[in-house]
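Below, read A as the first sequence line, B as the second, and so on, with proteins coming before strands; counting in each chain starts at 1.
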Amino acid sequence: MSILKSEYYPQEFEEKRVESWVKNKIFKTFDDSDKPKYYALSMFPYPSGKLHMGHVRNYTITDVIARFKRMNGFNVLHPMGWDSFGLPAENAAIERGADPAEWTDKNIAYMKGQLNRLGLSVDWDREATTCKKDYYKWTQWLFLQLYKNGLAYKKMSPVNWCENCATVLANEQVIDGKCWRCDSPVTKKNLSQWFLKITDYAEVLLEDLDKLEGWGDNVKTMQRNWIGKSKGAMLKFKVKEIEGLEIPVFTTRPDTVYGITYLVVAPEYPDIEKLTSPENKKAVEEYRENAKKLSEIERLSTERIKTGVPLGTHIINPFNGRVCPIWAADYAILDYGTGAVMAVPMHDERDFDFATKYNLDKITVISGGDGKNCYTEPGVLVNSEQFNGMKNEEAKSKIVEYAKEQGFGDFKTQFRLRDWLISRQRYWGAPIPIVYCEKCGMVPVPDSDLPVCLPKDVDFSVKGKSPILTSKTFEDTTCPVCGAPAKRECDTMDTFMCSSWYYLRYSDARNTNKAFDKKLVDKWLPVDQYVGGIEHAILHLLYSRFFTKALKNLGLLSFDEPFKNLLTQGMVLKDGSKMSKSKGNTVDPDEIFRNYGADTARLFILSDSPPARDFDWSDAGVEGCYKFLSRVWRLYSKYQDNIKLEPQIPQNLNKNDEKLVRETYISIQKITNDIENEFQFNTVISRYREFTNEIYDYIKDENNINYDVLSFALVSLLKLLSPVAVFMTEEIWEKLGGKGSIHEQAWLKFDEKKAQASEVTFVVQINGKVRDKFEAGVDEDKEALIERAKNCERIIPYLDGKEIVKIIVVPKKLVNIVVK
RNA sequence: GCUCCAGUGGCGGAAUAGGUAGACGCGUUGGACUUAAAAUCCAAUUAGGCUCACCCCUAGUGCCAGUUCAAGUCUGGCCUGGAGCACCA
């Protein structure tokens with residue numbers, strides 16, 4: 001009697017399976033286990049409403065890894081959660097009058113259903129949702145730990161401002177002068193804001209990148225660029241007109257100090273008013289006003305012609321006593337180095353352009369150029385007094401040493417990385433747990449008063465200020481120290497704060513007394529395999545590394561890097577371009593589940609490209625995967641009554657039997673290796689197909705089927721497929737009478753010897769070109785192989801009348817005869 | 001400008017440690033089954049040449065050199081595309 005239908009109808013069993021998996025919590029992870037731990041993690045989603053194909057790709061990859069590791073005897077932690085604070089919820093509130101919390105909950109519920117429908121083996125008992133009080137309580141607590149240890153501070157400074165989002169942004173969130181979220185131009189505003197001292201960790205964040213062998217070079221390079229270390233010198237220049245005033249300058253080219261002809265300060269330079277002479281005051285003020293009006297995009301444009309204005313004052317070059325004018329120019333940036341630049345027109349392109357435009361002096365101090373154009377290559381010092389004749393690379397340190405002796409300079413390492421601006425003037429985020437008291441000043445909210453909850457009585461329609469300020473209940477409070485009336489901090493935290501520690505929370509997600517237990521976090525972390533999009537190469541991945549290092553220094557953790565291995569998956573494209581609603585080329589996962597089932601979606605999203613590369617979605621490809629699964633299904637349906645779950649391979653096998661047994665071992669070996677080696681799922685799936693083709697080949701001769709041999713192949717295929725086609729394999733396993741879930745079975749062992757044929761094809765080459773082939777045993781003697789090669793029918797003519805110079809024999813591969 | 005990655009048929013992509021280039025799939029073409037279609041199965045599919053049937057020959061992994069018995073793979077120099085950084089002093 002047939003139990004398995006003859007045709008593959010995933011719709012008939014996939015959803016039922018989901019229900020029972022969720023109900024029975026078969027993927028629950030326990031902390032106490034003798035097995036070694038393995039932590040597989042996907043970057044958690046923002047609950048925007050519906051899954052997109054990028055999610056499907058991301059989570060399928062991680063899920064297959066989790067299942068593979070589970071079958072290989074690991075105690076696997078594979079959690080999921082929601083990066084659920086952030087502007088979209090607030091915008092929904094503004095546009096539709098929805099409560100951000102309700103809007104978010106609704107989205108989470110729907111997307112959770114989709115994740116289950118996709119067949120993810122997630123332990124939902126560890127779900128973390130960043131916008132829930134039981135989570136953001138600990139985000140706030142962690143902020144306070146950083147604050148109490150001097151790693152969080154508030155300061156007034158020019159910051160990035162997005163008019164459209166009505167909030168400040170971190171440097172990492174400004175892409176080409178535009179807001180990362182809404183693409184509108186970013187301007188500078190002078191505001192008092194909260195920062196985290198990520199710059200304290202610049203050096204170690206950079207150095208430790210070398211330890212991250214499991215990260216791709218692309219991500220590491222991006223982080224290196226972003227941290228931007230440069231070695232150089234800090235030099236101090238006395239101002240001629242003002243006694244006691246010095247301008248410090250950072251330079252990477254101390255070898256060119258004798259070529260300085262002027263000095264530039266940024267328009268926002270703090271001392272600029274002091275440095276302006278009375279007769280230049282008007283012009284300078286005008287210039288600064290104009291500079292302010294420029295947007296970041298305009299200002300940062302390298303094509304723009306540099307502008308500036310002289311301040312009327314001068315510096316004295318301490319090396320040669322030369323008096324040089326001070327200019328304000330917007331090619332100097334306030335927050336890099338000291339905001340002031342020494343200008344050497346002959347050896348710096350920017351200075352050269354500027355000096356040419358404003359007719360400033362140019363002095364050659366490095367030989368090698370033509371004396372007319374700017375020369376930035378290496379050379380020998382000239383016009384540099386006692387340093388003349390020295391190679392410029394050598395002069396760099398010599399000159400700084402000299403400056404150090406004389407007391408006007410020193411070596412200096414400068415980083416491009418700025419402190420992380422974490423306060424936001426928005427509602428839907430974790431409130432910063434600080435109270436301002438007139439008497440006591442800035443007071444942290446005591447742990448016992450956490451969480452500081454978001455108010456409900458807010459008006460989202462306000463313009464120009466944070467909605468949180470419309471609450472009648474939030475801002476006014478009492479001072480935790482003296483009890484006097486006080487004001488709350490009304491800014492909330494950047495959502496990247498919440499996502500900088502969620503992977504720690506999963507280790508102990510239901511803890512109500514702590515953010516996480518140290519023992520548990522040390523047991524599970526670091527993450528063994530992290531999977532996510534390249535767009536977080538800097539933002540999330542850098543912040544999380546910083547958090548981990550900071551929390552380790554606070555004694556909360558014992559490890560200093562959060563993610564041991566990182567896989568950055570490529571984008572999902574359709575017709576060659578990124579899927580997007582505006583282009584109308586999106587594919588709805590629900591529709592794929594409905595029409596083909598989740599197994600087809602999983603199989604396809606892993607099939608065509610290696611995970612790190614972009615993946616081009618095609619309807620034909622989906623169809624092809626569905627057909628493949630149907631083809632596999634028919635095998636089991638046809639032989640369901642003959643399949644033995646524990647087959648015994650007999651001793652005396654015929655050639656076909658032997659071949660199928662060997663192909664089975666080859667499949668186990670190749671699939672195992674390809675998963676272990678960089679998760680090359682595309683070749684894993686090729687092998688599924690090849691193996692299936694082999695099985696079809698075997699059953700062609702219906703009268704000569706050995707059911708032990710066939711069962712061995714079919715049961716192996718089922719297990720090999722189980723991490724990918726999770727529903728189908730479970731359905732078949734159950735119907736064949738397998739014990740428990742197929743997902744709890746042990747992975748297959750392979751025997752390299754059994755995966756090897758006794759006979760192989762040897763290629764015969766003449767001077768490296770293939771001319772003939774022959775079959776021979778793997779262990780055949782070298783001389784015998786040469787003899788066989790020489791006597792090949794098509795080889796003989798090539799040897800006729802030629803001298804054999806050399807013969808190379810490569811075991812199991814080829815014989816190459818070199819003739820003259 | 002600096003840094004990183006990639007370039008292989010009509011397409012996505014294979015090719016342990018240098019050893020039969022084009023696995024597997026998509027597409028296309030032809031065939032079987034069928035009244036017909038769908039589904040399924042079988043075959044062909046880098047280009048050019050040949051007594052284009054069997055064989056066989058030549059060229060071929062962005063370009064130019066080099067190392068080697070042998071190069072998609074290694075070395076040097078380019079070209080193209082993508083990504084990141086960038087008036088960073």
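Of the candidates rG12(B), rC5(B), rC42(B), rC5(B) carries the atom nearest the D217(A) side chain, counting heavy atoms from C-beta on. Closest approach to the R350(A) side chain among rA89(B), rG12(B), rC88(B) is made by rC88(B) (side chain taken as heavy atoms from C-beta onward).
For E663(A) and Y698(A), the side-chain atoms include no donor-acceptor pair closer than 3.5 Å. Between the side chains of S230(A) and Y336(A), at least one donor N or O sits under 3.5 Å from an acceptor N or O. Using modelled atom types, one finds no donor on one side chain facing an acceptor on the other under 3.5 Å when comparing N682(A) with S607(A). Side-chain contact check for T307(A) and Y287(A): at least one donor-acceptor pair (N or O, by modelled atom type) lies under 3.5 Å.
In this structure, rG7(B) is classed as anti because its glycosidic torsion departs from zero by more than 90°.
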note = Expected string for nucleotides 64-72 of chain B under the B/S/- scheme (protein heavy atoms, under 4.0 Å, primed atoms plus P, OP1, OP2 as sugar-phosphate) is -----B---
query = What one-letter contact string describes nucleotides 22-34 of chain B from 5' to 3', where B marks a base within less than 4.0 Å of any protein heavy atom, S marks contact via sugar-phosphate atoms alone, and - marks no contact?
reply = -BBSSS-------
message = Counting primed atoms plus P, OP1 and OP2 as sugar-phosphate and everything else as base, spell out the protein contacts along nucleotides 44-59 of chain B at 4.0 Å heavy-atom distance: B, S or - for each nucleotide, 5' to 3'.
response = ------------SSSS
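Contact of the I198(A) side chain with the E172(A) side chain is not registered, since no non-hydrogen atoms from C-beta on lie closer than 4.5 Å. Taking the side chain as every heavy atom from C-beta outward, R689(A) and R631(A) never approach each other to under 4.5 Å.
Taking a pair as Watson-Crick or G-U with both hydrogen-bonding distances under 3.5 Å, the stems of three or more pairs touching RNA chain B are B:1-7 with B:79-85, B:10-12 with B:24-26, B:27-32 with B:40-45, B:46-49 with B:56-59, B:62-66 with B:74-78.
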request  = Under the side-chain hydrogen bond (donor to acceptor under 3.5 Å, both in side chains) rule, what do D599(A) and Y626(A) come out as? Steps first, then yes or no, please.
outcome  = CA-CA 8 Å; D599(A) 282 341; Y626(A) 184 75; over 6 Å; no
request  = Could you please spell out the steps behind the side-chain hydrogen bond (donor to acceptor under 3.5 Å, both in side chains) verdict for Q569(A) and R613(A)?
outcome  = CA-CA 7 Å; Q569(A) 99 261 3; R613(A) 265 202 242 182; over 6 Å; no
request  = Would you check, one step at a time, whether the test side-chain hydrogen bond (donor to acceptor under 3.5 Å, both in side chains) holds for K362(A) with T356(A)?
outcome  = CA-CA 9 Å; K362(A) 296 169 185 164; T356(A) 305; 2.9 Å; yes
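Spacing between rG62(B) and rU8(B) at atom C1', rounded to whole Å, works out to 10 Å. Remark: the separation of the C1' atoms in rC69(B) and rC11(B) is 37 Å, to the nearest Å. Across the P atoms, rG72(B) and rG9(B) are found 14 Å apart, a figure rounded to whole Å. The P atoms of rU20(B) and rU73(B) are separated by 14 Å, rounded to the nearest whole Å. Separating the C1' atom of rG12(B) from that of rC54(B) is a span of 34 Å, rounded to the nearest Å. Annotation: rG25(B) and rA17(B) have their C1' atoms spaced 28 Å apart (nearest Å). For the P atom pair drawn from rA6(B) and rG10(B), the interatomic distance equals 23 Å after rounding to whole Å. A distance of about 10 Å separates the C1' atoms of rG22(B) and rG13(B), rounded to the whole Å.
Taken to the nearest 0.5 Å, the CZ atom of F628(A) stands 8.5 Å off from the CD1 atom of I685(A). Taken to the nearest 0.5 Å, the OH atom of Y639(A) stands 10.5 Å off from the CD1 atom of I695(A). The SG atom of C324(A) sits 8.5 Å away from atom CG of D361(A), with the distance rounded to the nearest 0.5 Å.
What separates CG of L573(A) from C1' of rG13(B) is a distance of 14 Å, to the nearest Å. Remark: C1' of rU40(B) and OH of Y626(A) are 14 Å apart, rounded to the nearest angstrom. In this structure, L814(A) places its CG atom 10 Å from P of rA21(B), rounding to the nearest Å. Computed from coordinates, the R613(A) CZ to rG13(B) C1' distance equals 7 Å when rounded to whole Å. The nearest whole Å value for the distance from the CD atom in Q414(A) to the P atom in rA86(B) is 15 Å. Note: NZ (K178(A)) to P (rC85(B)) measures 13 Å, nearest angstrom. Atom CH2 in W215(A) sits about 18 Å away from atom P in rC4(B), given to the nearest Å. Between the CD1 atom of I260(A) and the C1' atom of rA89(B) there is a distance of 11 Å, given to the nearest Å.
The 12-atom threshold is exceeded at CD of E759(A), counting heavy atoms of other residues, nucleotides or ligands nearer than 6.0 Å. Surrounding CD of E793(A) are at most 12 heavy atoms belonging to other residues, nucleotides or ligands under 6.0 Å away.
The aromatic rings of F408(A) and F319(A) lie perpendicular to each other, with more than 60° between the two planes, well past the 30° mark. The aromatic rings of F774(A) and F762(A) sit parallel to each other, their planes meeting at less than 30°, with 60° as the upper class boundary. Ring geometry, W327(A) versus Y262(A): the interplanar angle exceeds 60°, so the pair is classed perpendicular (tilted spans 30 to 60°). Using cut-offs of 30° and 60° on the angle between ring planes, the pair F679(A) and F681(A) is parallel.
RNA chain B lies under 4.0 Å from at least one heavy atom of each of the following residues of residues 665-681 of chain A: Q680(A).
OP1 or OP2 of rC41(B) has at least one side-chain nitrogen or oxygen of R634(A) nearer than 4.0 Å. A close approach under 4.0 Å does not occur between any side-chain nitrogen or oxygen of S630(A) and OP1 or OP2 of rA39(B). R416(A) has no side-chain polar atom (N or O) that falls below the 4.0 Å cut-off from OP1 or OP2 of rC85(B). The side chain of Y336(A) contributes an N or O atom lying less than 4.0 Å from OP1 or OP2 of rA89(B). Using a 4.0 Å cut-off, some side-chain N or O of R631(A) falls inside it from OP1 or OP2 of rC41(B).
A salt bridge is absent between K188(A) and E268(A); no separation between the charged side-chain nitrogens and carboxylate oxygens falls under 4.0 Å. Note on K700(A) versus D697(A): salt bridge recorded, some NZ/NE/NH1/NH2 to OD/OE distance being below 4.0 Å.
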Any protein N or O atoms within reach of nucleotides 76-84 of chain B? Criterion: under 3.5 Å, listing atom names and distances.
{"from": "rG84(B)", "atom 1": "N2", "to": "N225(A)", "atom 2": "ND2", "distance (Å)": "3.3"}

